[in-house]
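What follows is a single structure, written as structure tokens, with notes after it.
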Amino acid sequence: MSFRPTTIERAYQLAEGGDCRTVGDIKQKLQAEGHERVQENLYGASLTGALRKLCQKHYVPSEADAAAPAASDDDDEDED
């Protein structure tokens, strides 16, 4: 018998895994993995706030994300 983590346990695993940038990303992955009632299980400010902080802490951009040009402070300078 194999053990499958609950929706909340798996959400925390995904948040700490570095692939999810937002809680929305976590929800999409959970649904793709076949978890049911994801919206209901991940409801509440405390839970989503905790997951959001973990995503921000552990997120590692993919090479495609890293190659995209980022806005810099130099973009705001006036040219004379």
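Values below: all heavy atoms of this structure, side chains included; hydrogens, waters and symmetry mates excluded.
- Going from atom CG of D19 over to atom NE2 of H58 covers 12.5 Å, rounded to the nearest 0.5 Å.
- Counting non-hydrogen atoms of neighbouring residues, nucleotides and ligands closer than 6.0 angstrom, the CD atom of E9 exceeds 12 such neighbours.
- Side chains of L14 and E33 form a contact here, defined as non-hydrogen atoms less than 4.5 Å apart.
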Q.
Could you go through Y12 and T6, starting from their C-alpha distance and side-chain angles, then the distance that decides it, and tell me whether this counts as side-chain contact (heavy atoms from CB on, under 4.5 Å)?
A. CA-CA 10 Å; Y12 274 90; T6 66; over 6 Å; no
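- Residue R10 qualifies as enclosed at atom CZ: its count of foreign heavy atoms under 6.0 Å is above 12.
- Separating the OG1 atom in T48 from the NZ atom in K53 is a distance of 10.5 Å, to the nearest 0.5 Å.
- Residues C55 and I26 meet the side-chain proximity criterion, which asks for heavy atoms closer than 4.5 Å.
- Of the inter-residue distances, the one linking C20 atom SG with L54 atom CG reads 11.0 Å to the nearest 0.5 angstrom.
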Q.
Assess the residue pair N41 and L30 against the criterion (side-chain contact (heavy atoms from CB on, under 4.5 Å)); give the C-alpha distance rounded to whole Å, side-chain angles, the decisive distance to 0.1 Å, and a yes or no.
A. CA-CA 11 Å; N41 284 306; L30 288 169; over 6 Å; no
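- Within the 4.5 Å cutoff, the side chain of H35 has no heavy atoms near those of the K27 side chain.
- Between the OG1 atom of T22 and the CD atom of Q28 there is a distance of 7.0 Å, given to the nearest 0.5 Å.
- Between Y43 and V38 there is no side-chain heavy-atom pair separated by less than 4.5 Å.
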Q. Under the side-chain contact (heavy atoms from CB on, under 4.5 Å) criterion, do R52 and Q56 qualify, and how do the steps go?
A. CA-CA 6 Å; R52 186 177 306 110; Q56 291 170 349; 3.8 Å; yes
